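Small disclaimer: the values here were computed from a predicted structure and weren't measured. Numbering of ligands and ligand atoms starts at 1, following listing order.
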Amino acid sequence: MTTHRIQEMKRRGEKIAMITAYDYTSAKIVDEAGIDMILVGDSASNVMAGYETTLPITLDQMIYHAQCVTRAVTTPLVVVDMPFGTYQGNSKLALQNAIRIMKESECDAVKLEGGSEVLESIERILSAGIPVMGHLGLTPQSIHKFGTYGVRAKEEAEAEKLVNDSKLLQEAGCFSLVLEKIPADLGKKVAEMLDIPVIGIGAGRHVDGQVLVMHDMLGLNQAFAPRFLRRYANLHDEYLKAFRQYLEDVRSRDFPSEQEQY
Ligand code: KIV
């Protein structure tokens with residue numbers, strides 16, 4: 001999978017499927033399923049490391065997760081989130097950090113949150129030949145500015161800024177754009193306006209593709225239940241059942257049996 005093929009999918013009207021992954025074993029299954037793109041999201045900060053926000057995860061930690069994923073992958077395009085503090089306000093540092101991600105993880109592209117505020121960083125990274133995916137709407141690295149994880153761009157001024165930012169990102173050369181948690185009508189408007197593929201998470205059904213966080217769509221994280229989330233499994237209950245059965249089997253001396261020993 002290449003960024004060009006992803007763009008061709010939009011031109012052909014084929015919907016694009018993206019899932020987050022952070023480790024070798026899960027990424028191998030995502031690859032086997034034929035998913036188009038893997039996002040090594042900074043949501044690793046929440047679902048892997050247990051932090052409340054995406055802010056604490058470091059560049060080294062993101063590179064570690066990305067390395068685990070790229071070792072597993074044969075086909076999907078692997079995009080890696082640049083973590084908070086590695087690209088804002090200093091485009092030279094942004095380029096250095098993007099180069100580190102590309103060199104050390106051998107991924108295919110990086111993703112940055114924000115529009116006009118981070119445009120200089122995006123342009124500098126693109127100038128080195130590194131594909132960039134944009135991310136607008138609810139940008140979790142700005143949670144302390146927003147104050148809540150609620151739907152963004154419901155008001156006209158914020159919606160207008162989002163539309164303008166999405167044009168800027170396309171003009172700068174981003175190969176694709178994530179729109180998170182915005183009204184479906186706005187997602188549709190941006191997807192129709194842009195030539196590059198728009199991948200939504202809570203941005204409605206009329207965008208060019210969808211992305212979900214693996215732990216959420218597998219039902220591992222029961223506490224997180226926004227309206228946009230469809231659960232494809234209930235792995236929390238499956239894990240719990242298996243762990244409880246194992247505990248019972250060890251305590252009752254059922255495991256290991258005669259056949260399970262040397
Ligand atoms: O970090 C992440 O998982 C993301 C998705 C929510 C798009 O950025």
Side-chain angles (χ1 to χ4, degrees), residues 6 16-23 26-27 30 35-59 61-66 68-69 76-88 98 101 105 107-115 118 122 131-143 146 148-153 162 165-166 169 174-182 187 190-191 196-204 207-218 220-221 223-231:
I6 293 294
I16 301 161
M18 187 182 206
I19 281 186
T20 68
Y22 320 97
D23 70 283
S26 313
V30 174
I35 299 290
D36 304 302
M37 288 196 278
I38 290 182
L39 174 64
V40 183
D42 59 357
S43 48
S45 182
N46 309 111
V47 299
M48 299 301 288
Y51 290 113
E52 278 209 3
T53 73
T54 57
L55 276 69
I57 198 159
T58 67
L59 185 62
Q61 288 165 338
M62 285 303 296
I63 290 172
Y64 166 75
H65 286 296
C68 298
V69 167
L77 191 87
V78 179
V79 183
V80 178
D81 261 337
M82 294 193 68
F84 177 66
T86 63
Y87 60 92
Q88 296 95 337
I101 292 174
S105 78
C107 68
D108 302 300
V110 295
K111 175 164 83 60
L112 278 70
E113 294 182 5
V118 294
I122 290 178
V132 174
M133 178 180 263
H135 183 158
L136 298 171
L138 175 64
T139 47
Q141 291 179 14
S142 302
I143 184 59
F146 296 147
T148 82
Y149 285 103
V151 179
R152 302 306 315 175
L162 188 144
D165 279 345
S166 66
L169 296 183
C174 287
F175 79 95
S176 171
L177 172 66
V178 166
L179 291 182
E180 180 166 351
K181 220 169 178 186
I182 59 163
V190 175
I196 59 172
V198 173
I199 311 297
I201 174 162
V207 290
D208 306 302
Q210 300 292 330
V211 56
L212 285 176
V213 169
M214 178 186 288
H215 292 59
D216 301 336
M217 62 95 73
L218 291 180
L220 277 166
N221 179 7
F224 187 67
R227 189 207 293 208
F228 70 76
L229 176 64
R230 185 178 291 184
R231 288 219 178 99

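- The ring of Y22 has its center closer than 6.0 angstrom to the ring center of H215.
- Using a 4.5 Å heavy-atom threshold, the side chains of D81 and V110 count as separate.
- Side chain of T86 to main chain of P83: a donor-acceptor pair is present (N/O by atom type, distance under 3.5 Å, no hydrogens or angles).
- At least one side-chain heavy atom of L177 sits less than 4.5 Å from a side-chain heavy atom of V190.
- At least one side-chain heavy atom of I101 sits less than 4.5 Å from a side-chain heavy atom of C107.
- Within the 4.5 Å cutoff, no side-chain heavy atoms of E113 are placed close to those of M82.
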Between ligand 1 and the protein, give all atom pairs where both partners are nitrogen or oxygen and the distance is under 3.5 Å, as lines of names plus distance to 0.1 Å.
| residue | atom | partner | partner atom | Å |
| --- | --- | --- | --- | --- |
| ligand 1 | 1 (O) | D42 | N | 3.1 |
| ligand 1 | 1 (O) | D42 | OD1 | 3.0 |
| ligand 1 | 1 (O) | S43 | N | 3.0 |
| ligand 1 | 1 (O) | S43 | OG | 3.3 |
| ligand 1 | 1 (O) | D81 | OD2 | 3.1 |
| ligand 1 | 3 (O) | S43 | OG | 2.5 |
| ligand 1 | 8 (O) | K111 | NZ | 2.9 |

